[in-house]
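Data first, discussion second: the structure below is written as structure tokens.
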Amino acid sequence: MPGTKKVKFDPAQYLSASSLTRKTVHVLAGHVFYSQGDPAKSIYYLESGRAKLVVVSKRGKEATVSLMVAHDFIGEESLAGAAGLRAATAIAITACTALKLDRDEMIDLLHNEHEFSDMFLKFVLARAIRTQEDLVDQLFNNSEKRLARTLLLMAQFGDPGEPQTLIPPITQESLADMIGTTRSRVSKFMNRFRKLGYITYNGRIHVHKSLLNVVLHDKLPEQRTKRPVTLDTKSGLAKRVKIAPKP
């Protein structure tokens with residue numbers, strides 16, 4: 001109608017609207033949203049809880065490729081093609097509440113609601129950057145540093161808002177799978193982190209900000225005890241070498 005002011009689209013409000021509660025799903029810890037190889041027909045918006053993407057090779061080897069927290073989308077690959085298949089299994093780490101959107105409904109939202117498109121594009125770009133960082137982490141960092149980074153990601157250090165230092169329950173076997181090492185090495189690293197005061201745990205792991213030291217520096221404190229080599233400017237080390245003239 002003429003003169004009617006258009007109400008600004010609020011993505012968070014829309015995704016929590018009562019008209020969509022019929023599509024709200026609740027997934028218990030350890031249960032799946034979907035499995036690898038399933039038809040990719042929908043996308044999930046995680047309202048609460050933690051989840052992970054797991055890939056299983058033909059030989060049965062399992063690897064965790066991504067972690068999701070509240071306000072992340074799960075299964076965005078469904079937008080790439082109508083006949084696509086899930087490339088991974090999405091598993092709830094903790095009890096999750098999510099909004100399930102059909103592929104066609106999601107595409108309509110992206111076409112018609114610019115604010116929603118902006119929010120989704122920001123998420124996709126952040127996911128791409130995180131994937132690149134994960135690849136660099138896997139290629140160049142040792143397993144101890146990868147473990148530290150994984151714990152920090154689970155505690156949401158670096159994300160907007162206050163970090164959640166008490167991370168969801170997770171076994172050392174799961175952490176070993178996520179960083180590509182053995183459970184015994186994870187146990188060794190966890191004990192070292194605890195002794196250094198980087199974490200505390202008694203059934204649940206508390207991650208402290210000091211754990212960033214492992215990620216930001218290549219070595220742990222006891223590995224940096226050697227005094228660095230410095231130039232003595234008062235000695236003759238910096239003097240010019242005089243070349244005798246040719247006869």
Side-chain angles (χ1 to χ4, degrees), residues 12 15-16 24-36 43-56 62-76 86 88-100 123 126-127 130-131 133-134 137-138 141 143-194 196-212 214-215:
L15 292 172
S16 301
T24 298
V25 296
H26 302 279
V27 183
L28 298 176
H31 290 227
V32 302
F33 289 85
Y34 54 78
S35 298
Q36 184 175 337
I43 185 170
Y44 295 84
Y45 176 76
L46 190 60
E47 295 182 313
S48 64
R50 305 284 188 90
K52 63 180 179 179
L53 288 182
V54 174
V55 175
V56 180
E62 181 178 299
T64 299
V65 296
S66 186
L67 298 172
M68 277 81 65
V69 298
H71 310 308
D72 281 351
F73 288 91
I74 305 174
E76 66 275 10
R86 302 291 190 187
T89 299
I91 304 175
I93 298 176
T94 64
C96 295
T97 300
L99 185 66
K100 183 179 180 180
F123 162 78
R127 172 68 63 82
R130 176 66 59 79
T131 300
E133 291 174 346
D134 289 344
D137 188 42
Q138 192 71 28
N141 291 332
S143 52
E144 188 170 35
K145 198 169 183 179
R146 294 201 302 273
L147 175 62
R149 182 172 178 270
T150 297
L151 293 174
L152 289 167
L153 288 174
M154 294 189 72
Q156 295 181 260
F157 279 91
D159 291 349
E162 292 294 325
Q164 300 179 19
T165 59
L166 182 63
I167 68 174
I170 189 168
T171 64
Q172 292 186 352
E173 288 83 357
S174 296
L175 288 171
D177 290 338
M178 291 169 67
I179 65 174
T181 189
T182 62
R183 190 208 63 79
S184 60
R185 287 183 65 81
V186 168
S187 178
K188 176 183 176 182
F189 299 151
M190 294 286 282
N191 285 331
R192 182 180 298 188
F193 292 166
R194 180 176 53 80
L196 291 170
Y198 293 160
I199 64 172
T200 55
Y201 64 92
N202 184 14
R204 293 283 298 276
I205 302 172
H206 287 262
V207 179
H208 304 306
K209 189 176 180 180
S210 55
L211 185 61
L212 285 167
V214 181
V215 176

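Hydrogens, waters and symmetry mates play no part in the numbers below; they use all other heavy atoms, side chains included. What you see is a predicted model; the values in this text were computed from it and never measured. In what follows, residues are counted from 1 in the order of the sequence shown.
Residues V56 and T89 have side chains not in contact (no heavy-atom distance under 4.5 Å, counting atoms from C-beta outward). Taking the side chain as every heavy atom from C-beta outward, P168 and M154 approach each other to under 4.5 Å. The shortest side-chain heavy-atom distance between T150 and L175 falls under the 4.5 Å cut-off. Inter-residue side-chain proximity for V55 and Q36 is flagged as met; some heavy-atom pair is nearer than 4.5 Å. M190 has its side chain within reach of L151: a pair of non-hydrogen atoms, C-beta onward, lies under 4.5 Å apart. In this structure, E144 and F193 have side chains that are in contact, with non-hydrogen atoms separated by less than 4.5 Å. Contact annotation: the side chain of T64 never approaches that of I91 to less than 4.5 Å [non-hydrogen atoms, C-beta and beyond]. A heavy-atom distance below 4.5 Å is not found between the side chains of K100 and Y45.
To the nearest 0.5 Å, the span separating CD1 on I167 from CG on L153 amounts to 10.5 Å. A distance of 5.0 Å separates OG1 in T24 from CD in E47, rounded to the nearest 0.5 Å. Between L211 atom CG and L196 atom CG the span is 10.0 Å, to the nearest 0.5 Å. Separation of atoms CZ (R183) and OG (S174) is listed at 12.0 Å; rounding is to 0.5 Å. The distance from the OG1 atom of T94 to the CD1 atom of I170 is 11.0 Å, given to the nearest 0.5 Å. In this structure, CZ on R50 lies 11.5 Å from CE on M68, to the nearest 0.5 angstrom.
Taking D177 as the reference, nothing meets the side chain to side chain contact (heavy atoms under 4.5 Å, CB included) condition, with sequence neighbours excluded. Legend: residues meeting ring pair (Phe, Tyr, Trp, His ring centres under 6.0 Å) with Y44, ordered by chain and number and at least two apart, are F33. Here E76 pairs with R127 under the salt bridge (Lys or Arg N to Asp or Glu O under 4.0 Å) rule; sequence neighbours left out. The ring pair (Phe, Tyr, Trp, His ring centres under 6.0 Å) check on Y34 picks up nothing, with sequence neighbours excluded. The salt bridge (Lys or Arg N to Asp or Glu O under 4.0 Å) test applied to R185 returns no partner, not counting sequence neighbours. With sequence neighbours left out, the ring pair (Phe, Tyr, Trp, His ring centres under 6.0 Å) criterion links Y201 to no other residue.
Of all heavy-atom pairs spanning C96 and L46, the tightest one is CB-CD1, 3.8 Å. Between S210 and G197, the closest heavy-atom pair is OG-O, 3.5 Å. Minimum heavy-atom separation, S143 to I179: O-CD1, 3.5 Å. In terms of heavy-atom proximity, A92 sits nearest to L28 at CB-O, 3.4 Å. Minimum interatomic distance between V27 and V32 (heavy atoms only, all atoms of both residues): CG1-O, 4.0 Å. The shortest heavy-atom contact between A155 and V207 is CB-CB, 4.0 Å.
Remark: side-chain polar atoms of N191 are not paired, donor with acceptor, to backbone N or O of K188 under 3.5 angstrom. In terms of modelled atom types and a separation under 3.5 Å, the side chain of T97 and the main chain of S48 share no donor-acceptor contact.
Heavy atoms from other residues, nucleotides or ligands lying under 6.0 Å from NE2 of H208 number more than 12.
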